[in-house]
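Notes for the one structure printed next.
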Amino acid sequence: MASHSHRRTPLTRRRRLVLATGVAVVAGALAVPAVNAATEAGAGAATPSAERLHDDFNGDGYPDLAIGAPGTTVNTQAGAGSVSVLYGSASGLSMSRRQVLKGPGVPDPESWEGLYGTNLQSADLDGDGYADLLSSLKAYVMDVEDGYAVEVNWGGPNGLSATSTRLTWAPMGPWSGQFTVGDVDGDKHPDLVTLSNDTWMSGEPDGADSPDGTVFHGPFDRDGGPAKKDYFRINPEDPQNYQGITAGDVNGDGIADLAVQSTFVDESDSRGVELLLGGADGFTYKGMLKDAQGRLVGGEDVEVGDLNKDGYGDIVVGHSSDSYDSDVELPTKGGALAVVYGGPGGVSSTRKPVWINQDTAGVPGAAERGDGMGSGLSIGDTNGDGYLDVATGLPGEDFDGLTDAGTVLVLRGSANGLTATGYKAFSQNTSGVPGTAEKLDRFGAETALVDANADKKDGLVVGDPAENAGNGSVWVFSATSAGITANGSFSFGSATMGLPATGAKFGASLAD
């Protein structure tokens, strides 16, 4: 999740060249008066400009933030899930203009775990100028038994719709609930792309020749129907197991491309990323990403953004797990970022890929097994210089005798690509940050960058679904011309939103 800020065209968000977002965040408690969701979401809204924002749910010209808490108990349904929405304003994210959405009900609450608020992403699916919110649902959701669905809450002048609409679903076997959103066919309408096929529901051939993914082409109608639907294969000559998917414009043609995380069928500890270029006639397979030494580049998270402002989206891979046999050959101790720079053919032919971890010159700290660098990636311009920066969590970072207390690191984009020069680092022990670092907090499991006051600088949101024994919390930081600052930062959790806190995992996903 993806990547977060203004949408300047249907395909680029303030030079970001990112087509999909989705990050989750969590926080402590902050007493705020309860508000009416339907009226407060649109209250005080300025006259919308002609240019609406990709992440602007109510069309007031300010980006908004959705926070997933998939563990929330709704009525008696444990794990039903919820989403809390903070609306942007001239002063940033507003705690008084907020909205709470809950997972859909089911006939048998004792056998249901919907986990609404998982894998949150935003896009204007129906073309009405308001961003809509997408979420995965899992297992025993109404008619979806033992499977996954994608649901959408529609945006509008009063904020998001209180009830969600089903876009697609499939049984557990052919789909793990991973999806992305981007204009992969170049018609200026966002498309929904799932990694699964839904052949069980459609009657299409199953088995060895079944597709690896489905494209639901926009625009969608308000009943959840796409303009059309088709299927695609990723690499018919050498199919792998596919784990995740991210959309972004890598070759600068204004059409979203796909970065697909994969593992080899016969080598479970292998990880790779396969690149498919989007187009009006379907996808063109460009192969697996490799580093400068020809080694496979893979990991647990992927984001796309133009870090060096050359007009091509760069692929940032978060390699947060360093416990695989394949890590012996890679500079990934403690987790790492791999940056594969984009170019007109997909991958740059002139700028070599790089690995960055805590043993890289200029990066603070020292690489230690289990630090988790590369977790919760997000991309945005945190100081307004036009270069996109990268925020990453290190939720397993130890310090001051505290195991897995967690840290967040922001690295700067530049004409030469991603750099440690001018980095920012934050933990709960950083001066000005609310709370106190404790062992097993795992601060930084998720991050998001959002320009909630529309000043062309993205503030930082940090998620920690493990905070307070799995209740979860979110921290919000402002941005200045010098980058992210802890001054004035605040935190909150489920209780602030009027929701049950126990086991909520508040902030496990974010969309902005």
Side-chain angles (χ1 to χ4, degrees), residues 1-21 23 49-56 61-63 65 88 90 92 122 182 246-257 302-316 337 339-344 347-348 350-351 353-354 356 362 377-392 408-425 447-461 477-485 512:
M1 238 198 141
S3 313
H4 332 275
S5 71
H6 290 42
R7 177 182 56 145
R8 298 306 184 195
T9 76
L11 290 175
T12 63
R13 283 190 257 169
R14 203 173 66 240
R15 301 171 300 278
R16 189 170 304 182
L17 296 172
V18 176
L19 281 296
T21 64
V23 186
S49 64
E51 179 187 68
R52 302 218 184 241
L53 302 178
H54 179 94
D55 37 16
D56 183 3
Y62 298 103
L65 172 71
S122 63
T246 303
D249 185 5
V250 175
N251 64 347
D253 64 354
I255 301 175
D257 311 308
V302 177
E303 293 290 336
V304 179
D306 186 4
L307 306 178
N308 56 359
K309 206 165 55 172
D310 65 354
Y312 304 105
D314 307 311
I315 304 171
V316 182
L337 305 181
V339 183
V340 180
Y341 292 95
V347 172
S348 174
T350 58
R351 190 180 294 273
V354 297
I356 299 174
L377 294 181
S378 54
I379 295 180
D381 183 357
T382 63
N383 63 347
D385 66 354
Y387 294 99
L388 298 184
D389 312 313
V390 176
T392 178
V408 170
L409 181 64
V410 182
L411 300 177
R412 299 274 295 275
S414 72
N416 293 319
L418 197 61
T419 175
T421 302
Y423 75 84
K424 299 283 186 175
T447 75
L449 293 169
V450 53
D451 182 13
N453 63 354
D455 69 348
K456 300 184 180 181
K457 294 183 286 292
D458 291 311
L460 171 68
V461 183
F477 298 78
S478 298
T480 70
S481 58
I484 303 298
T485 177
D512 62 323

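Just so we're clear, the structure is a prediction, and the values are computed from it rather than from any experiment.
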Task: Residue pair Tyr341, Leu418: steps toward the side chain to side chain contact (heavy atoms under 4.5 Å, CB included) verdict - done: CA-CA 10 Å; Tyr341 292 95; Leu418 197 61; 4.2 Å; yes
- [ ] Specify the closest pair of heavy atoms between Gly92 and Ala452, including all atoms of both residues, with the distance to one decimal.
- [x] C-CB, 3.9 Å
Task: For Arg412, all residues meeting salt bridge (charged side-chain N to carboxylate O under 4.0 Å, His left out), sequence neighbours excluded - done: Asp385
TODO: Without swapping roles, check the side chain of Asp381 against the backbone of Leu388 for a donor-acceptor pair under 3.5 Å.
DONE: no
Task: Reported NZ-to-CG distance for the pair Lys424 and Leu409, which is rounded to 0.5 angstrom - done: 12.0 Å
Task: Criterion side-chain hydrogen bond (donor to acceptor under 3.5 Å, both in side chains) on Thr447 and Ser378, from CA distance to verdict - done: CA-CA 6 Å; Thr447 75; Ser378 54; 2.6 Å; yes
- [ ] Go through the structure and list residues passing side-chain hydrogen bond (donor to acceptor under 3.5 Å, both in side chains) with Ser348, not counting sequence neighbours.
- [x] Thr350
Task: Atom of Ala479, atom of Lys457 and distance for their closest heavy-atom approach - done: CB-CB, 4.0 Å
Open item on the list: Using side-chain heavy atoms (C-beta onward) and a distance below 4.5 Å, is Asn416 in contact with Asn308?
Closed with: no
TODO: Could you pull out all residues at least two apart from Asp389 that satisfy side-chain hydrogen bond (donor to acceptor under 3.5 Å, both in side chains)?
DONE: Thr382
- [ ] Work out which heavy atom in Pro63 is nearest to a heavy atom in Val450; give both atom names and the distance.
- [x] CB-CG2, 4.1 Å
- [ ] Quickly, which of Val340, Val250, Asp314 forms a side-chain contact (heavy atoms from CB on, under 4.5 Å) with Val347? Name it, please.
- [x] Val340
Task: Evaluation steps, side chain to side chain contact (heavy atoms under 4.5 Å, CB included), between Val408 and Leu460 - done: CA-CA 10 Å; Val408 170; Leu460 171 68; 4.1 Å; yes
Task: Over all atoms of both residues, closest heavy-atom pair of Gly342 and Asp310 - done: O-OD2, 4.2 Å
Open item on the list: Looking at Asn383 and Ala482, would you say the former's side chain and the latter's main chain have a donor-acceptor pair under 3.5 Å?
Closed with: no
Task: Nearest-0.5 Å distance that lies between atom CG in Leu411 and atom CD1 in Ile379 - done: 11.0 Å
Task: Reported OG1-to-CD1 distance for the pair Thr246 and Ile315, which is rounded to 0.5 angstrom - done: 9.0 Å
Open item on the list: Any non-hydrogen side-chain atom of Ile255 less than 4.5 Å from a side-chain atom of Asp249?
Closed with: no
Task: From Asp458 atom CG to Phe477 atom CZ, the distance as rounded to the nearest 0.5 Å - done: 15.0 Å
Task: Closest non-hydrogen atom pair between Ala454 and Tyr62, with its separation - done: CB-CD2, 3.7 Å
Open item on the list: To check you understand the geometry: which heavy-atom pair defines the closest contact between Thr419 and Thr421, and what is its length?
Closed with: OG1-N, 3.0 Å
Open item on the list: Is there a side-chain contact between Leu337 and Leu377 in this structure, where contact means two heavy atoms from C-beta onward sitting under 4.5 Å apart?
Closed with: yes
